[in-house]
Amino acid sequence: MPELPEVEITRLGLAPELEGRSITSVILRRPDLRWPIPREIGDLLPGQRILAIRRRAKYLLIDLAPGSALLHLGMSGSLRILAQDSPVGSHDHVDIALDSGRVMRFNDPRRFGCLLWQPLGETHPLLRDLGPEPLSPAFDGDFLFERSRGRKTSVKAFLMDQSVVVGVGNIYAAETLFQAGIAPGRAAGEVSRPRYRRLAEAVKDILAHAIRCGGTTLRDFIRPDGRPGYFEQELFVYGREDEPCLTCGRILSGSRMGNRATVWCTHCQK
DNA sequence: CGTATTCCCTGCACGC
DNA sequence: TGCGTGCAGGGAATAC
């Protein structure tokens, strides 16, 4: 499930293959993913040189002269760099062919991903109301503390709210709350400033570490060169309901919060 | 406005 | 073996 580290790993793998290359053709094997693929993708991309590939939140932006292709991996999407004549498999929805003889292929079994167009000088509506990047200086414990005052929702739902801070999904919310020692069901507005400082540090530490590990591969995620990530070997709580806490040995609790599977240690997290 | 719920989609694990 | 069911989840849409 691509969260920020997986999207960043994808960007890092794509950058040397894309930047400076020209797009020779675009193949759309279906008209839509989560939303219809706008005609600009097929019409404007061929012939354009790729200026850069950037990440904002869990979105990738492929910058061209007239604008940017905006891409989201949803929860099962992956982007690979392949030889142009590689056999096409199921759920290989989009190819962007390059003048290097290679192709960037977008595979997404569950089609929660999207491929959209952002004209130069505009900000796509999906990017308008996003919170700060968690690895930027704008994000810290004081920011979380101020933003959370008066909020009755759980601290876990608050942390996963992309208008608060971007990039933290269910896996990393579970892991960062564990490292910070905060119970996920606690009301966001009742968590103290020092504890939010611990949480912000945990978010930065864990996301940065996951990027160094190549991300988390649970089912679908794969890097552009086909290798998996290795961070799942370091998960303390996610996916470990009813198993012993790796810190204290007590059995981890599980429930659903905000309709998301949630696992935590009632002894280590208060 | 904040909050909780529903829905999109496919593959897989599970139980009968 | 095969079928039905539930779950995985990012995040927009919807309902209060």
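Please read these numbers as outputs of a predicted model, since none were measured by experiment. Just so we're on the same page: letters track the sequence lines, and every chain starts at 1.
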- Message: Could you tell me how far apart A:Leu60 (CG) and C:dG10 (P) are, to the nearest whole angstrom?
- Response: 16 Å
- Query: Which of residues 123-136 of chain A have a heavy atom under 4.0 Å from DNA chain C?
  - Reply: A:Leu126
- Sugar-phosphate or base contact per nucleotide [nucleotides 3-9 of chain B; S, B, -; heavy atom under 4.0 Å]: SS-B-BB
- May I have the distance from A:Arg56 (atom CZ) to C:dG10 (atom P), rounded to whole angstrom? 17 Å
- Is there a donor-acceptor contact under 3.5 Å from the side chain of A:Gln269 to the main chain of A:Ile182? yes
- Message: Please report the distance, rounded to the nearest Å, between CH2 in A:Trp35 and C1' in C:dA12.
- Response: 6 Å
- Message: Under the salt bridge (charged side-chain N to carboxylate O under 4.0 Å, His left out) definition, can you give me all pairs with a residue in residues 90-103 of chain A, not counting sequence neighbours?
- Response: A:Glu17-A:Arg102, A:Arg21-A:Asp99, A:Arg29-A:Asp95, A:Asp95-A:Arg105
- Query: Whole-Å distance between C:dA8 P and A:Glu241 CD?
  - Reply: 9 Å
- Query: Taking only N and O in the side chain of A:His72, is any of them less than 4.0 Å away from OP1 or OP2 of C:dG10?
  - Reply: no
- Task: If a pair satisfies ring-ring contact (aromatic ring centres under 6.0 Å, His included) and one of its residues is in residues 244-270 of chain A, list it, with sequence neighbours excluded.
- Result: none
- Would you mind reading off the bend of the helix from B:dG2-C:dC16 to B:dC16-C:dG2 from its two end axes, five pairs each, to 10 degrees? 50°
- Give the ring-plane orientation class for A:His72 versus A:Tyr59, where under 30° counts as parallel, over 60° as perpendicular and anything between as tilted. perpendicular
- Task: Keeping to residues at least two apart or across chains, list the side-chain hydrogen bond (donor to acceptor under 3.5 Å, both in side chains) pairs with something in residues 122-132 of chain A.
- Result: none
- Query: Which whole-number value in Å describes the distance from A:Asn170 CG to C:dA8 P?
  - Reply: 9 Å
- With sequence neighbours excluded, residues passing side-chain hydrogen bond (donor to acceptor under 3.5 Å, both in side chains) with A:Arg39: none
- Item | Pairs involving residues 99-118 of chain A, ordered by first then second residue, that meet ring-ring contact (aromatic ring centres under 6.0 Å, His included) (sequence neighbours left out) | none
- Item | Partners meeting side-chain hydrogen bond (donor to acceptor under 3.5 Å, both in side chains) with A:Arg80 (sequence neighbours left out) | none
- Message: Output the rounded distance in Å from CE (A:Met257) to P (C:dA8).
- Response: 14 Å
- Message: Show every ring-ring contact (aromatic ring centres under 6.0 Å, His included) that has at least one partner inside residues 130-174 of chain A, sequence neighbours left out.
- Response: A:Tyr172-A:Phe231
- Task: Please work out if A:Tyr59 contacts a base, only the sugar-phosphate, or nothing of the nucleic acid, heavy-atom cut-off 4.0 Å.
- Result: sugar-phosphate
- Query: How close or far is atom C1' of C:dG11 from atom CG of A:Leu159, stated in whole angstroms?
  - Reply: 15 Å
- Note on the structure: With sequence neighbours left out, the residues meeting side-chain hydrogen bond (donor to acceptor under 3.5 Å, both in side chains) with A:Ser90 are none
- Note on the structure: From CG of A:Asp108 across to C1' of B:dG11 the rounded distance in Å is 12 Å
- Please identify each residue that fulfils side-chain hydrogen bond (donor to acceptor under 3.5 Å, both in side chains) with A:Arg55, with sequence neighbours left out. A:Glu8, A:Glu133
